[in-house]
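Sequence lines set the chain letters: A, B, ... in the order given, protein chains first and strands last, and positions in each chain run from 1.
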Amino acid sequence: MSNLTLIVCLLVVMAMAYQLGMVRSRKVATINPVQRMHSRPQHYGMMVALWAVLPAFFILVIWNLLAPDVIAALVQQSLPPEIQSQDAQAVAVTLRRIANLAANFGIVAEAADWELAAAAYMQQLQHSSGLMLTALMAAIAAAGLTFSYFKIAPQRRARHQVERVVKAVLVICSTIAILTTIGIVLSMVTETLKFFSFIKPTDFFFGTTWNPRFSTTGATDQGSFGLLPLLSGTMMIAVIALLVAIPLGLMVAIYLAEYAPAKLRNTVKPVIEVLAGIPTIVYGFFALVTVGPFLSDLGQTLGLTIRATSALTAGVVMGIMIIPFISSLSDDIITQVPKALRDGSLGLGATKSETIRKVVLPAALPGIVGAVLLAASRAIGETMIVVLAAGNAPALTANPFEAVSTVTVTIVNQLTGDNDFASPQSLVAFALGLTLFVITLLLNIIALVIVRKYREQYE
Amino acid sequence: MSNDKLQTATVTSADINDIKLQESLAATAAQPVKITARDVKVFYGDNQAIHGIDLDVYQNEVVAFIGPSGCGKSTFLRCLNRMNDTIDICRVTGEIKLDDRNIYDPTLDVVQLRAQVGMVFQKPNPFPKSIYENIAYGPKLHGLAEKKSDLDDIVESSLRRAGLWNEVKDRLNQPGTGLSGGQQQRLCIARTIAVSPEVILMDEPCSALDPIATSIIEELIDELKQNFTIVIVTHNMQQAARVSDRTAFFHLGNLIEIGATNELFTNPKQKRTEDYITGRYG
Ligand SMILES: Nc1ncnc2c1ncn2[C@@H]1O[C@H](COP(=O)(O)OP(=O)(O)OP(=O)(O)O)[C@@H](O)[C@H]1O
Ligand SMILES: [Mg+2]
């Protein structure tokens, strides 16, 4: 039977076991009128269901992990000696051919007789493996069910057992999430280390030229992989974005929190938050088609040379994108400032704007800084807008009217296209990604620490 | 209640040998009226919290508001410096005059009114700034100090008068929120007197304080009386008896009785007042 069928069967067994357990516990309760049942019928039902299903499920998982290897080993032993004596890689290729044959996939080249035989053997093994698994699971499920079924007694603490299983499931789920994150970071670290075996870390972190040559397989000169032009581009765009977003976002937040009537606030806030939900590619598009040419024309009238795709264009549009991050979070934080503080200030004869400037904003400042840092880490990691609007020129420049390139754009460039994943030209993407990850992680940590500190202030 | 009536009350009072009462009433009677409230009604949305109150407060006297919880003491107090304006749904009708000027007159500057009528809140609410900045906040707003040294003087004298100077003089730059509850409350009082208001409104200033801090604040009120007019809300009958010249009893949004404090506590005219102060009604 296939795994899917088995799982469906398990679910059916589970439902049945649950009912059985409930019925049984009610019966036990009537038989024992003196002693009160420890748990409610649902808990006994759940206990029986879990006993019936969990061990069997566990077997299913283990079996699926081990069986393919065991089968492969058995098949390998059945192969003709001259094939077995080949090196490990050749044997692996042969086994894969056989597995494909057994699964009725096509293979390249005509299958030899011994290959067909091996494939038949493998099919047979797989079939019996499936039968054995089904039988084993059925036996274990039945055993678990009967065991727990007859264990139902007033003093049996079914509720505790169920709670423990629930807790275990939750722990397993969070472990998976954490392990995945760790796995991603570790794989980035290993690839980055591979990259550093080609290029010295100092050349990467402190190099001022970005010029990876693509067609140099085997050549000694790998091109230059200086991070600084990319980092400066990233930072310049992020700073421009923040210069746009902080004043606008804060004004919006102050207006919403302090001046806007409740009705207006309740409609305007979600509308502004929509800005954060617009796909970034749409922003990039908007930057390329509208904002870029507009800024360039504006520059012409002012006598400045502004390229249509420049750090300025990307920064301005990104600033618009992160306004809601700042305005929405700051608005929440400003509203959290206790009314007592405002009253204290107003009671001393301060005007509303004085109160906001001198009492409310300073009190909310740590939280606002947190909001700004979160927005900044968003800006630094942003890709689509810069791909389209920053001009993709990895040069070290301090002129925001020039085209620049960023870390994210470069990662896209290095990984797209036809290239060898073992070359430094591709591996550098991991080093860049890791750098970006560390920067945003630090920003997030700082932001969280600040926000948490602020929270404690009024508790 | 007019001055004449009060004087008559003094003469016919059974406690005529009570020197404190005599003194305080004499002082009260000699003083001009500071605040006049006529037919004040307050609504929270459709809910009426104050049902037409008439009340006078004389200069340099201490008036205590007592009454069961929810009877509108705070609401009425907040009318006197228009702090109710900060509550959207709150509406005030009637007439309240400060020195013969209607404070609900649209041409009146609320900011100036609040500088004249300061308020100490029920819960201490120091700003999350340094102790110094907490006190200097008001004077800076109103330009009361030209030079830094003037400001220093105001800060020191305000803290001294609030009985806090000795405790904080070495830590003026530390946050006001780091003080104890009683110290914070005195800081808030110091902050209020730093802008030299004419009237100070206190809403249960001692409700969170221990007996020692309470007695410090009560002494302070006694002293502040020389220069300020004080209205204090309190749930503590002994406190009202100790600090106030006159006491007003509120009930369900009405002013039931107002009179000289000793008189009101020893010989209340209204049955409801008597029930309340003897603890038969809470
Ligand atoms: N912000 C508000 N919104 C709506 N109703 C309010 C508000 N503040 C007070 N009230 C109502 O007005 C009435 C009087 O309240 P107030 O706070 O003046 O009572 P209080 O006498 O000060 O009571 P306490 O001694 O408990 O402080 C109460 O019924 C209360 O529910
Ligand atoms: Mg109150």
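Side chain of A:Thr408 to backbone of A:Glu382: a donor-acceptor contact under 3.5 angstrom is found. With hydrogens and angles ignored, the 3.5 Å screen pairs a side-chain donor or acceptor of A:Thr181 with a backbone N or O of A:Ala177. In this structure, the side chain of B:Lys73 engages the main chain of B:Gly67 through a donor-acceptor pair within 3.5 Å. Looking only at distances, no side-chain donor or acceptor of A:Thr290 sits under 3.5 Å from a matching main-chain atom of A:Ala287. A:Arg342 contributes a side-chain N or O that, together with a main-chain N or O of A:Val337, makes up a donor-acceptor pair within less than 3.5 Å. Proximity of a side-chain donor or acceptor of B:Asn60 to a complementary backbone N or O of B:Gln226 within less than 3.5 Å is detected. Checked by atom type and distance alone, the side chain of A:Thr280 never pairs as donor or acceptor with a backbone atom of A:Met384 at under 3.5 Å.
For B:Val117, the part sitting under 4.5 Å from any heavy atom of chain A is the backbone (N, CA, C, O) and nothing else. Heavy atoms closer than 4.5 Å to chain A are found in the backbone of B:Pro126, but not in its side chain.
Residues of residues 102-109 of chain B lying under 4.5 angstrom from chain A, judged on non-hydrogen atoms, do not exist here. Proximity to chain B among residues 350-359 of chain A is limited to A:Ala350, A:Thr351, A:Glu354, A:Thr355, A:Lys358, A:Val359, judged by heavy-atom separations below 4.5 angstrom. For residues 75-98 of chain B, a heavy-atom distance under 4.5 Å to chain A picks out B:Arg78, B:Met83, B:Thr86, B:Ile87, given by residue number. Chain A is approached within less than 4.5 Å, heavy atom to heavy atom, by B:Lys129, B:Tyr137, B:Leu141, B:His142 from residues 129-155 of chain B, ordered by number.
Residues A:Asp331 and A:Ser328 form no side-chain contact, since every pair of their non-hydrogen atoms from C-beta on lies 4.5 Å or further apart. The closest side-chain heavy-atom distance from B:Trp165 to B:Glu156 is below 4.5 Å. Residues B:Thr229 and B:Tyr58 form no side-chain contact, since every pair of their non-hydrogen atoms from C-beta on lies 4.5 Å or further apart. B:Thr192 places none of its side-chain heavy atoms less than 4.5 Å from the side chain of B:Phe228. Between B:Gln185 and B:Val120 there is a side-chain heavy-atom pair separated by less than 4.5 Å.
By the 6.0 Å contact criterion, CZ on B:Arg101 is open, its count of non-hydrogen atoms from other residues, nucleotides or ligands being 12 or less. Annotation for A:Phe294: atom CZ does not count as buried by contact number, only 12 or fewer foreign heavy atoms lying within 6.0 Å.
Across B:Val195, B:Leu113, B:Asn125, the residue that shares the most heavy-atom pairs under 4.5 angstrom with chain A is B:Asn125. Residue with the most contacts toward chain B among A:Pro362, A:Gly347, A:Pro261, A:Ala262: A:Gly347 (heavy-atom pairs, distance under 4.5 Å).
Between A:Ile450 and A:Gly370 the shortest heavy-atom distance is CG2-N, 4.3 Å.
Remark: B:Ser244 OG to B:Ile232 CD1 distance equals 8.0 Å, nearest 0.5 Å. B:Glu204 contributes atom CD, which lies 9.5 Å from atom CD of B:Gln239 (distance to the nearest 0.5 angstrom).
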Can you list the steps and then say if B:Lys123 with A:Asp343 is a salt bridge (charged side-chain N to carboxylate O under 4.0 Å, His left out)? CA-CA 11 Å; B:Lys123 236 178 96 198; A:Asp343 283 354; over 6 Å; no
